[in-house]
Q: 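The structure under discussion is supplied below as structure tokens; questions concerning it will follow.
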Amino acid sequence: TLQAQDQTAVQKEIEQARQVIESYVGTRQKIAKEESEWASYQELTERRISLYNDEVTDLEAIIKEAEEQTTSAEREIAGIRSDIQVLRSATQVVTDSLPALEQKVRELYGYFPAPLKDKVTPIVQKLGAKNMPTSDRMALIIGVLNEVDKFNTDFTHITDEIRIGNETKLVDVLYLGVAVAYYADKEGKIGGMLVPAEKEWQMVEKDELAPAVHQAILYYTNEIKPAMMVDLPIEIKNLKIGN
């Protein structure tokens, strides 16, 4: 009986020892598993931290670049605003001077020869138009002056009618820019000069010039070749235009 009791006690102790060992082993396995999972999690976390750091670095670079671009853009905007202000000031100067310039062109227009007047009359009629932008008003003035410049650097030949006494005669007229014009009929008997004057150029009858003027016009129109020099008189006057 004692021996049986001893064996039972031994078996019980063995069983308890086995349970303790199994519990210990299970605990160690759990610890090992937790350590493994923690190591994996730590590695993943470190990788994420590294990625986040890289993203932060990239974002900081983008922010810095954006700030630099913003600063550059602000400088450009400031420069543009300054240019706009300068242009506005210049435009105002031009706007303030336009009425006087337009009036001056109108005064000059009165002294233009007939062919030049025919060209620029539509432009002159628009001078000082209300609600017209400054640039367009200035363009009209420049347009008139350009036509004057072209006319003044060339000869202009036209056929026109003039009154001599009670008769109307058809004559050829040759303008030397805006300085003077010469006229003669086809027969070379009636001739003279046209000199600048207000409203309409003044006719100066000089029939003695008719042959030379007629010859000059024939040279100009290539009806006689080769061309030769023709002596014609010219008068230089100082004209006071406007105020």
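In this chain, numbering begins with 1 at the start of the sequence shown.
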Q: Taking side-chain contact (heavy atoms from CB on, under 4.5 Å) as the test, write out the residues that go with Ile164, two or more places apart.
A: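 By the side-chain contact (heavy atoms from CB on, under 4.5 Å) rule, Ile164 matches Ile162, Lys169, Ile190, Glu205.
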
Q: If I take atom CZ from residue Arg137 and atom NZ from residue Lys126, how far apart are they, to the nearest 0.5 angstrom?
A: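 Taking CZ in Arg137 and NZ in Lys126, the distance rounds to 14.5 Å.
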
Q: For Ala184 and Ala210, which heavy atoms make the closest approach, and how far apart are they?
A: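 Smallest heavy-atom distance, with atoms named: CB-O, 3.7 Å.
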
Q: Quick one: CG on Leu140 to CD on Gln125, what's the gap to the nearest 0.5 Å?
A: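 So the gap between those two atoms works out to 11.5 Å.
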
Q: With sequence neighbours left out, write down each residue that passes side-chain contact (heavy atoms from CB on, under 4.5 Å) with Glu15, or none if nothing qualifies.
A: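 Scan of Glu15 (side-chain contact (heavy atoms from CB on, under 4.5 Å), adjacent residues dropped) gives Arg18, Gln19.
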
Q: Report the residues that fulfil side-chain contact (heavy atoms from CB on, under 4.5 Å) with Gln69, sequence neighbours left out, ordered by chain and then residue number.
A: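 Gln69 satisfies side-chain contact (heavy atoms from CB on, under 4.5 Å) with Glu65 only.
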
Q: For Tyr175 and Leu194, indicate whether the former's side chain and the latter's backbone hold a donor-acceptor pair under 3.5 Å.
A: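 No; zero donor-acceptor contacts below 3.5 Å.
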
Q: Flag yes if more than 12 heavy atoms outside Glu200 fall under 6.0 Å of its CD atom; otherwise flag no.
A: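 Check fails, neighbour count at 12 or below.
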
Q: Only counting residues at least two apart or in another chain, list the ones meeting side-chain contact (heavy atoms from CB on, under 4.5 Å) with Leu116.
A: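 Per chain and number, Leu116 pairs via side-chain contact (heavy atoms from CB on, under 4.5 Å) with Phe112, Pro113, Val120, Glu147, Val148, Phe151, Val178.
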
Q: Compute the ring centroids of Tyr183 and Trp201, then answer whether they are less than 6.0 Å apart.
A: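 Centroid distance Tyr183-Trp201: not below 6.0 Å, so no.
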
Q: Among residues at least two apart in sequence or on other chains, which ones pass salt bridge (Lys or Arg N to Asp or Glu O under 4.0 Å) with Lys189?
A: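 None.
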
Q: Is it true that a side-chain atom of Asp185 and a backbone atom of Val171 form a donor plus acceptor pair closer than 3.5 Å?
A: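 Not a single qualifying donor-acceptor pair exists.
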
Q: If you take all heavy atoms of Pro115 and Thr156, which pair is closest and at what distance?
A: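 Distance-wise, the nearest heavy atoms are CB-CG2, 4.4 Å.
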
Q: By the rule that ILVMFWY residues connect when side-chain heavy atoms come within less than 4.5 angstrom, directly or transitively, which residues belong alongside Leu170?
A: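 Its cluster partners, ordered by chain and number, are none at all.
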
Q: List the steps and the verdict of side-chain contact (heavy atoms from CB on, under 4.5 Å) for Val195 and Val204.
A: CA-CA 8 Å; Val195 295; Val204 181; 4.2 Å; yes

Q: Does one hydrophobic cluster hold both Ile217 and Met228, with members joined at side-chain heavy-atom distances below 4.5 Å?
A: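 Yes; tracing contacts between hydrophobic side chains, which count when under 4.5 Å, links both residues.
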
Q: Output all residues satisfying side-chain hydrogen bond (donor to acceptor under 3.5 Å, both in side chains) with Thr121, sequence neighbours left out; order by chain, then residue number.
A: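 Applying side-chain hydrogen bond (donor to acceptor under 3.5 Å, both in side chains) to Thr121 gives Tyr109.
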
Q: Return yes if some donor-acceptor pair links the side-chain N/O of Arg106 with the main-chain N/O of Leu127 below 3.5 Å, else return no.
A: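 Side chain of Arg106 to backbone of Leu127, a donor-acceptor pair under 3.5 Å: yes, one is there.
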
Q: Decide side-chain contact (heavy atoms from CB on, under 4.5 Å) for His157 and Thr221; before the verdict, give the C-alpha distance in whole Å, the side-chain angles of both, and the deciding distance to 0.1 Å.
A: CA-CA 9 Å; His157 171 241; Thr221 57; 3.9 Å; yes

Q: Could you list the residues that satisfy side-chain hydrogen bond (donor to acceptor under 3.5 Å, both in side chains) with Gln16, not counting sequence neighbours?
A: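 Not a single residue meets the side-chain hydrogen bond (donor to acceptor under 3.5 Å, both in side chains) criterion with Gln16.
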
Q: Could you grab the distance from atom OG of Ser97 to atom CD of Glu102, nearest 0.5 Å is fine?
A: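 Atom-to-atom, Ser97:OG and Glu102:CD are 9.0 Å apart.
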
Q: Taking Tyr220 for the side chain and Phe155 for the main chain, is one N or O donor matched with an acceptor at less than 3.5 Å?
A: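 Yes, because the side chain of Tyr220 sits within donor-acceptor range (under 3.5 Å) of the backbone of Phe155.
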
Q: Got a sec, which residues hit side-chain hydrogen bond (donor to acceptor under 3.5 Å, both in side chains) with Thr168, two or more places apart in sequence or on another chain?
A: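 For Thr168 the side-chain hydrogen bond (donor to acceptor under 3.5 Å, both in side chains) partners, ignoring immediate neighbours, are Arg163.
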
Q: Can you name the residues that form a side-chain hydrogen bond (donor to acceptor under 3.5 Å, both in side chains) with Asp96, not counting sequence neighbours?
A: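 Once residues adjacent in sequence are excluded, the partners of Asp96 under the side-chain hydrogen bond (donor to acceptor under 3.5 Å, both in side chains) criterion are Gln92.
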
Q: Can you find a pair of side-chain heavy atoms, one from Met193 and one from Leu232, that are under 4.5 Å apart?
A: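 A side-chain contact under 4.5 Å is absent here.
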
Q: Taking all heavy atoms of Gln202 and all of Ala197, pick out the closest pair and write down the distance.
A: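 Looking at all heavy atoms of both residues, the closest pair is N-CB, 3.9 Å.
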
Q: Can you confirm whether more than 12 heavy atoms, excluding those of Asp231, are under 6.0 Å from its CG atom?
A: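 Open.
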
Q: Hey, are the side chains of Ile141 and Leu98 touching, using non-hydrogen atoms and a 4.5 Å cut-off?
A: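 Result yes, sub-4.5 Å side-chain heavy-atom pair found.
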
Q: For the hydrophobic clusters of this structure (ILVMFWY residues joined by side-chain heavy atoms under 4.5 Å, transitively), does one cluster hold both Leu209 and Ile234?
A: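 Yes; Ile234 is reachable from Leu209 via cluster members.
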
Q: Go through the structure and list residues passing salt bridge (Lys or Arg N to Asp or Glu O under 4.0 Å) with Asp172, not counting sequence neighbours.
A: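 Partners of Asp172 by the salt bridge (Lys or Arg N to Asp or Glu O under 4.0 Å) criterion, ordered by chain and then number, come out as Lys186.
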
Q: Using a 4.5 Å cut-off between side-chain heavy atoms of Ile, Leu, Val, Met, Phe, Trp and Tyr, which other residues end up in the same hydrophobic cluster as Ile80?
A: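 ILVMFWY cluster around Ile80 also holds Ile84.
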
Q: How long is the span from the CG atom in Leu145 to the CG atom in Leu108, to the nearest 0.5 Å?
A: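 If I round to the nearest 0.5 Å, the distance is 7.5 Å.
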
Q: Atom CD in Glu223, atom NE2 in His214: separation rounded to 0.5 Å?
A: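 Between atom CD of Glu223 and atom NE2 of His214 there are 7.5 Å.
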
